[in-house]
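This report refers to the structure that appears directly beneath it.
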Amino acid sequence: MKLSISFDVPDFDQYEIEIQCPVCRLHNWVKLGEIRRREFTICRGCHYNILLIDHLGKYQKFIRSLEKTFNNIL
Ligand SMILES: [Zn+2]
């Protein structure tokens, strides 16, 4: 018996997480896609260019927790 489950994988790139500016400590919201692509974001407080690669660990942790949630649903 072949069992196939199909469901729409949500577009993780559109999720937003909060990161802290290393300079002024202000919290900024960035899309996961921006972190995945290792882009920069500009702090809305001090206009510092935040390199999102520093937040990859946080990104991976977030993805893992999302996957866990979906696995629980299935
Ligand atoms: Zn800042």
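Counting from 1, the numbers follow the sequence of the chain as shown. The shown structure was predicted, so the numbers you read here are calculated from the model rather than taken from an experiment. Order of appearance sets the numbers: ligands from 1, and atoms from 1 within every ligand.
- Closest approach of Arg44 and Leu26 over heavy atoms only: CG-CD2, 3.7 Å.
- Our summary of the site lists the angle at the Zn ion (ligand 1) between SG of Cys24 and SG of Cys21 as 110°, to the nearest 10 degrees.
- Between the SG atom of Cys46 and the SG atom of Cys43, the angle centred on the Zn ion (ligand 1) amounts to 110° when rounded to 10°.
- No more than 12 heavy atoms of other residues, nucleotides or ligands lie within 6.0 Å of CZ in Arg38, so this atom counts as exposed by the packing criterion.
- Closest of all the heavy-atom pairs between Asp13 and Arg36 is OD2-NH2, 2.6 Å.
- Between Pro22 and Ile50, the shortest heavy-atom distance links the atoms CD-CG1, 4.0 Å.
- His47 lies apart from the Zn ion (ligand 1) in this respect, since none of its N, O or S atoms is found at a distance under 2.8 Å.
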